[in-house]
Amino acid sequence: MDGSSKEEEDSAFTNISLADDKEHSSRILYPRPKSFLPKMMNADMDAVDAENQVELEEKTRLINQVLELQHTLEDLSARVDAVKEENLKLKSENQVLGQYIENLMSASSVFQTTDTKSKRK
């Protein structure tokens with residue numbers, strides 16, 4: 001074994017000395033309770049994390065787009081309501097003006113209907 005494989009072995013296992021065997025000071029290697037995954041699994045996890053990050057960004061973008069569209073819809077709805085109110089107001093004003101014009105026409109001799117038969121006799 002070379003030095004690098006010894007370091008890898010030491011990082012994967014914890015050395016525990018045996019209390020009864022002080023003369024030989026031998027050690028038993030037990031697996032470490034750490035959650036170190038092999039390098040291949042780490043790469044897979046990085047890929048999954050990257051995919052999750054992309055999905056999260058896409059969801060965030062879609063949520064922001066939906067919220068923007070909701071605000072636009074609210075603005076348009078408010079505008080439609082304002083236009084409806086203005087339209088009703090203008091219709092009412094037109095009715096008043098129409099009635100006023102009719103009254104003026106009926107009061108004026110210029111707009112009176114003439115009976116041509118009665119004038120001829």
Side-chain angles (χ1 to χ4, degrees):
M1 275 191 201
D2 63 342
S4 65
S5 64
K6 178 64 175 157
E7 288 174 6
E8 289 176 7
E9 182 181 333
D10 287 343
S11 67
F13 294 94
T14 303
N15 293 327
I16 300 175
S17 62
L18 296 176
D20 296 338
D21 198 11
K22 290 183 182 175
E23 296 175 22
H24 301 292
S25 70
S26 63
R27 296 182 206 168
I28 299 177
L29 297 177
Y30 292 97
R32 280 193 186 196
K34 292 184 180 178
S35 63
F36 289 116
L37 299 174
K39 290 181 182 178
M40 185 59 131
M41 291 181 80
N42 283 338
D44 290 341
M45 291 300 290
D46 290 342
V48 168
D49 287 343
E51 287 177 20
N52 288 341
Q53 183 66 25
V54 168
E55 287 179 15
L56 181 62
E57 288 173 1
E58 180 67 13
K59 285 180 183 178
T60 302
R61 187 185 67 77
L62 289 173
I63 288 170
N64 288 335
Q65 188 177 11
V66 166
L67 290 174
E68 183 179 338
L69 290 172
Q70 283 178 340
H71 293 303
T72 302
L73 181 61
E74 289 172 358
D75 293 343
L76 289 173
S77 180
R79 178 71 178 133
V80 166
D81 291 341
V83 168
K84 281 182 180 180
E85 287 180 27
E86 184 69 19
N87 188 26
L88 289 174
K89 182 180 172 185
L90 290 173
K91 279 184 179 180
S92 174
E93 288 177 5
N94 282 343
Q95 286 177 345
V96 169
L97 288 173
Q99 186 65 42
Y100 177 73
I101 290 170
E102 283 182 29
N103 291 342
L104 284 176
M105 289 173 57
S106 65
S108 172
S109 61
V110 175
F111 296 104
Q112 293 296 320
T113 58
T114 55
D115 190 6
T116 56
K117 294 180 183 176
S118 62
K119 286 185 176 181
R120 289 185 185 173
K121 291 186 177 180

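A distance of 8.5 Å separates CG in L56 from CD1 in I63, rounded to the nearest 0.5 Å. Between atom OG1 of residue T60 and atom CD of residue E55 there is a gap of 11.5 Å, rounded to the nearest 0.5 Å. One distance of note links CG of L88 with CD of E93; it measures 11.5 Å at 0.5 Å rounding.
Listed for the S108 side chain is no donor-acceptor partner under 3.5 Å among the backbone atoms of L104.
Residues satisfying the side-chain contact (heavy atoms from CB on, under 4.5 Å) test with E58, not counting sequence neighbours, are R61, L62. Scanning for side-chain hydrogen bond (donor to acceptor under 3.5 Å, both in side chains) contacts around Q99 gives N103, with sequence neighbours left out.
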Name every donor-acceptor pair, under 3.5 Å, that has one atom in a side chain of residues 69-83 and the other anywhere in the protein, sequence neighbours excluded.
from	atom 1	to	atom 2	distance (Å)
T72	OG1	E68	O	2.9

